[in-house]
Every structure is written in C-alpha cells, then in structure tokens.
Amino acid sequence: MNRHTNAVVIGGSIAGLLASRVLADHFDTVTIFEKDRLVDNAEPRIGVPQGRHVHSIWKRGLTLMEESFPGLTSELVEGGSAEVEMTKDFAWYHRGVWKLRVPSGIRITCQTRPFLEWHIRRRVRQISNVSLVDRCTVKRFAADTGRVTGVVIQSHRAGAAEETVAADLVVDASGRGSRTPHWLEEMGYERPAMSVIDVDVGYATRFYARPPLEEHPWNALIIAPTPPHGTRLGVVFPVEGQRWIVMLGGWNGDHPPRDDDGLLEFARSLEAPDIYTFMRDAEPLTPSVGYRFRANTRRYYERMHRFPGGLIVLGDSLCSFNPIYGQGMTTSALDAMTLRECLERGAHKGDSLDAIANRFRKKVPRRLEAPWRMAAGEDMNWPGTHGDAPFGTPLMNWYFGRVHALAARDPQVLVRFVRVANMIDSPVRIFHPRVLAPVLTRSARVGRA
Ligand SMILES: Cc1cc2nc3c(=O)[nH]c(=O)nc-3n(C[C@H](O)[C@H](O)[C@H](O)COP(=O)(O)OP(=O)(O)OC[C@H]3O[C@@H](n4cnc5c(N)ncnc54)[C@H](O)[C@@H]3O)c2cc1C
C-alpha cells in the first residue's frame with residue numbers, strides 16, 4: 001500500500017476522531033489538534049456545546065462506527081447505553097398519528113453524546129500512530145503556492161508560542177464554525193458557495209431518573225408536530241446512568257422556556273399529552289439547559305474552480321443539519337467512509353495525495369445529497385423557514401406526508417421508511433412499489449388521534 005507521511009486533523013470531535021481512524025491506516029503519523037481540554041470521562045465540554053442535548057444515532061452511523069472500532073457497541077452497552085429496537089420500542093407520534101410498533105430488527109444504542117464521544121476517543125487513543133493533542137488551537141493553514149502544507153497552532157500551555165506543523169494532508173473537522181472559508185480567502189481563493197436554510201430551532205434539555213426499561217411501556221417517546229401550524233416537538237430517550245434525557249424544541253422561533261412551569265406548559269401544548277404527563281410525574285435530576293440553532297448550512301467546496309491541494313473538509317465543517325433530524329454523526333461517519341474509499345482507491349492506483357483529496361471533494365457531496373434534501377426539504381414545511389428549497393421539495397413533502405400517515409397502519413411502509421431514515425437503504429427505496437402504490441391509491445389522510 002502507498003503510505004503517506006503525516007496527516008493533521010483540526011478538531012477532536014466525532015468527525016475528527018472517525019477520520020483519524022481512517023487516516024491511521026494510510027499515514028505514518030496522524031495528529032489531532034483539539035482546542036478543548038480532553039479528560040478521560042463523559043463530561044460535556046465547551047467546544048461541543050450541543051453535547052448537552054439529545055444525540056440519537058441512526059443505525060447506519062452506528063454500524064460504520066462499529067466497523068471502525070469492532071466491539072464499540074458492546075462497550076457502550078456494558079457502560080450503560082440502552083439498546084432499543086426502533087420500530088418496536090419507540091412510541092412515536094408524528095403528524096397526528098402514532099406510528100405502528102412492530103419488530104424490524106433495527107437496533108440502536110441510546111446514550112449521551114459525551115458518552116459516545118468518550119468511548120470513540122478512548123479507542124482512538126489506543127491507535128499507536130495517532131496523537132491527540134488537546135488545549136491547542138489551530139490558528140490558520142500553513143501554505144505554499146497551490147497547497148496547504150500544514151497548520152499554525154497555538155498551544156494553551158503557559159508561555160507557548162505559535163508553531164508551524166507540516167503535514168502532507170490537513171483535514172478540517174472543526175465543526176460549524178470552521179474557519180476554512182476565511183483562511184482560503186486569505187490565501188487568495190474564492191469563498192465556497194453556501195446554502196443557508198434558516199429554521200431558528202430552540203432546544204431545552206433536562207435529565208430525569210429512569211427505572212429499568214423492562215418496567216416501562218415504551219423505551220423512547222417522540223411527539224413531533226404537524227406542520228405548518230404545529231411547531232413543537234418533545235423527545236424522551238433513555239441514556240446511560242439510569243437516566244432519561246428529555247428535550248423540548250420548536251421551529252421558527254417557537255422556543256421552549258427554561259423554567260419549570262414554562263417547560264411543563266410547553267410540554268402540555270404538544271400534540272399528544274404523553275410527555276407532559278411523563279414530566280409531571282418524573283423526578284428531575286438537573287435544571288434545563290438551552291440551545292439555539294439558526295440554520296442548516298452547506299458549503300459547496302466541490303464547485304470551487306481553484307482549490308488548494310493537501311486539504312479535506314468534512315463533518316459539520318462541510319454540512320450542518322437541523323439537529324432535530326439527528327443526521328450529523330451518521331453523515332460524519334459516511335464522510336469518513338468516503339475518505340477511506342478514496343485513500344484505498346488512490347493507494348491501489350498510485351495516485352498523489354492531491355488527486356485523492358480532490359476525488360474526496362467531488363465524491364462526498366453526493367452522499368450528502370439525501371440527508372440534506374431530507375432536512376432542508378422537511379424544514380420547508382414551516383412558513384417561517386427561509387432559504388432555497390432543494391429542487392422538488394413540495395412534491396417530496398407531499399409524498400412523505402402520505403408515507404407518515406400510512407406508517408400508522410401499514411407495517412411495511414413503516415419499516416421501509418425507517419430503514420431509509422436510518423440510511424440503511426438508499427432513499428430511492430422509499431419509492432418502491434410497495435410504498436408508492438398505497439401512497440397513490442389508499443386514503444392517507446392524516447387523522448388527529
Ligand atoms: C443541539 C444539537 C443536537 C444535535 N443532535 C444530534 C443528534 O441527535 N444526532 C446526530 O447525529 N447529530 C446531532 N447533532 C450534530 C452533531 O453534534 C455533529 O454533527 C457531530 O458532532 C459532528 O460534528 P463535527 O465533529 O464535525 O464538529 P463538532 O462536534 O462541532 O466538533 C468540532 C471540534 O473541533 C474543535 N475545534 C474547533 N475549532 C478548532 C480549532 N481552530 N483548533 C482546534 N480545535 C478546534 C472543537 O472544540 C470541537 O471539538 C446535533 C447538533 C446540535 C447543535
């Protein structure tokens with residue numbers, strides 16, 4: 001195999017960790033620079049403020065993580081993650097109806113985001129040629145004509161000066177706030193085109209004590225709104241430490257308050273009463289914390305006419321979705337998978353690293369297309385959402401509205417939809433005749449339960 005010398009990754013969160021696992025197979029050394037202090041526990045941290053909120057993982061994402069780190073799922077479960085079968089154990093109210101509860105074999109683990117990240121980080125730390133350097137901010141790229149040649153770092157340790165670290169490949173996994181567009185501009189490149197779909201979503205999250213799941217009628221509860229008038233969502237998920245994580249959220253500026261009475265009132269206004277009665281009777285363990293998410297953002301690096309060699313952008317730096325749809329970690333895993341494919345193909349063909357990076361830049365957007373359409377398109381159901389809808393959105397939203405209604409009474413439609421949502425099956429499978437036919441022929445009118 002064609003080995004390369006050294007790679008640098010900016011950001012030691014989910015996308016950076018998963019990419020590092022791939023790079024370790026192709027580079028002599030991989031160095032991750034992370035600005036936060038990284039401790040050996042599952043505490044939330046400053047650089048990932050979203051870590052305090054619900055983070056569900058779709059089945060495809062979990063499978064890819066397991067492939068990268070064999071045994072990860074069992075480690076999570078042994079550590080306290082709840083293992084649930086989505087279509088059977090979830091009570092899911094959506095668009096005015098409860099989805100059926102049937103077996104499908106789609107099992108995922110539920111845990112907090114810091115817990116998942118900590119487990120992955122532990123596994124990355126065990127890879128001998130990967131170094132994870134914390135409390136170290138990447139300030140800008142080091143560059144030569146037409147190439148990124150490394151990064152300029154600033155350690156947070158007392159008395160440390162700026163330092164240049166050379167790299168054959170730099171991977172930006174620094175998240176939504178990525179400085180790559182700005183750094184490229186400083187190097188004389190254009191900024192990438194960008195799509196912004198403004199949804200103005202607000203979260204409030206709180207933990208509650210949880211009994212063993214066997215003693216509970218459902219293992220997870222979701223009450224989602226019927227657009228365009230319904231804007232409020234509630235989610236109850238089991239997590240490690242015998243806790244429930246409860247999130248209330250709203251689209252288009254309809255954000256939950258944070259005080260106890262306000263939260264309960266918000267829960268009472270959801271389209272079904274179950275989260276309200278749950279919260280009223282459950283024992284809270286923490287105060288609530290908030291989060292405001294303004295917009296889905298997607299950067300089109302693949303459209304740039306000039307792009308430097310030696311650089312890859314992935315994870316939220318490339319595309320950040322409305323978190324309500326829970327796609328970010330799974331797409332980060334898909335980005336890492338794409339990186340693996342490009343590196344393996346390049347090794348096989350003897351390609352230069354720049355050719356490999358260029359192939360990644362062109363290939364990864366194709367994998368983002370379906371989740372982007374799903375999130376940006378779905379958000380267009382609310383009139384306060386602003387931005388350019390993906391092509392065909394009204395038709396897709398009409399179709400999915402009928403799919404959701406049928407998922408309340410047709411197990412095949414439900415399972416096919418959940419497999420596509422979990423990114424197990426290609427999105428085209430939702431147009432399989434077994435779904436298309438009832439969508440077009442059967443009454444799929446949404447009735448309020
Ligand atoms: C409220 C909320 C809820 C979410 N819920 C879900 C969910 O249910 N399911 C799901 O799959 N996804 C969810 N997401 C998305 C998910 O958090 C991200 O997609 C996922 O973490 C991958 O992001 P990332 O690794 O690219 O970036 P991030 O997780 O944002 O991490 C970026 C990292 O880079 C570091 N960094 C930044 N700049 C520098 C620098 N200059 N130098 C060094 N280090 C730097 C940061 O400290 C951080 O560690 C949610 C997001 C939000 C906002």
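Computed from a prediction, not measured in an experiment: that's the story for all the values here. Just so you know, ligand 1 is whichever comes first in the structure, and atom 1 is the first atom listed for that ligand.
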Enquirer: Shortest non-hydrogen contact from G71 to E66?
Expert: N-OE2, 2.6 Å
Enquirer: Contact between R45 and ligand 1, counting heavy atoms under 4.0 Å?
Expert: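 Yes.
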Enquirer: Cation-pi between R361 and Y301: NZ/CZ under 6.0 Å from ring centre and within 45° of the ring axis?
Expert: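 The answer is no; the distance or angle limit is not met.
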Enquirer: Using a 4.0 Å heavy-atom threshold (strictly under), name the region of S178 that reaches ligand 1: side chain, backbone, both or neither.
Expert: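 None of S178 does.
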Enquirer: Numbering the atoms of ligand 1 from 1, which are under 4.0 Å from a heavy atom of I10?
Expert: 40 (C), 42 (N)
Enquirer: Please identify which atoms of ligand 1 are closer than 4.0 Å to at least one heavy atom of S332.
Expert: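 Checking each atom against S332, I get 22 (C).
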Enquirer: Any heavy atom of C136 sitting closer than 4.0 Å to ligand 1?
Expert: yes
Enquirer: Nearest protein heavy atom to atom 16 (C) of ligand 1, by residue and atom, and its distance?
Expert: H55 NE2, 3.4 Å
Enquirer: Please write down residue, atom name and distance for the protein heavy atom closest to atom 19 (O) of ligand 1.
Expert: D316 OD1, 2.7 Å
Enquirer: Can you tell me the protein heavy atom closest to atom 3 (C) of ligand 1 and the distance?
Expert: P323 CB, 3.2 Å
Enquirer: For V8, does its backbone N or O pair with a side-chain atom of T31 as donor and acceptor, under 3.5 Å?
Expert: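 The answer is no, because no donor-acceptor pair under 3.5 Å joins these two groups.
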Enquirer: Looking only at protein heavy atoms, identify the closest one to atom 21 (O) of ligand 1 and say how far it is in Å.
Expert: R113 NH1, 2.4 Å
Enquirer: Just to be sure I read this right, does ligand 1 sit under 4.0 Å from the backbone of F33, its side chain, both, or neither, counting only heavy atoms?
Expert: backbone
Enquirer: Looking at W98, W218, F237, which hits ring-ring contact (aromatic ring centres under 6.0 Å, His included) with F90?
Expert: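 Among the candidates, only F237 passes.
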Enquirer: State if I57 counts as touching ligand 1 under the rule of any non-hydrogen atom under 4.0 Å.
Expert: no
Enquirer: In terms of side-chain geometry, is the basic nitrogen of R373 or E378 positioned less than 4.0 Å from the acidic oxygen of its partner?
Expert: no
Enquirer: So which heavy atom in the protein is nearest atom 5 (N) of ligand 1, and how far is it from that ligand atom?
Expert: V54 O, 3.2 Å
Enquirer: Consider ligand 1: state whether an atom of it lies below 4.0 angstrom from any non-hydrogen atom of R179.
Expert: no
Enquirer: Should the pair R123 and F69 be classed as cation-pi, given the thresholds of under 6.0 Å to the six-membered ring centre and 45° from the axis?
Expert: no
Enquirer: Which one of P371, G315, S56, G175 has a non-hydrogen atom at the shortest distance from atom 9 (N) of ligand 1?
Expert: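 Considering heavy atoms of P371, G315, S56, G175, the nearest to atom 9 (N) of ligand 1 sits in S56.
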Enquirer: Return the residue, atom name and 0.1 Å-rounded distance of the protein heavy atom closest to atom 34 (O) of ligand 1.
Expert: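 Among all protein heavy atoms, the one nearest atom 34 (O) of ligand 1 is G11 CA, 3.3 Å.
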Enquirer: Note the single closest protein heavy atom to atom 48 (C) of ligand 1, along with its residue, its atom name and the distance in Å.
Expert: E34 OE1, 3.5 Å
Enquirer: Which residue owns the protein heavy atom closest to atom 36 (N) of ligand 1, what's the atom, and how far is it?
Expert: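 Here the closest protein heavy atom is K35 CE, 3.7 Å.
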Enquirer: Please determine whether a side-chain nitrogen of the Lys or Arg among E283 and R243 lies less than 4.0 Å from a carboxylate oxygen of the Asp or Glu.
Expert: no
Enquirer: Mark up the atoms of ligand 1 that fall under 4.0 Å of a heavy atom belonging to V48, in ascending order.
Expert: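 Listed by number with element: 48 (C), 49 (O).
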Enquirer: Which option out of G249, S320, S174 puts a heavy atom nearest to atom 38 (N) of ligand 1?
Expert: S174
Enquirer: Closer than 4.0 Å to some heavy atom of A173 - which atoms of ligand 1 meet that?
Expert: 32 (C), 33 (C), 34 (O)
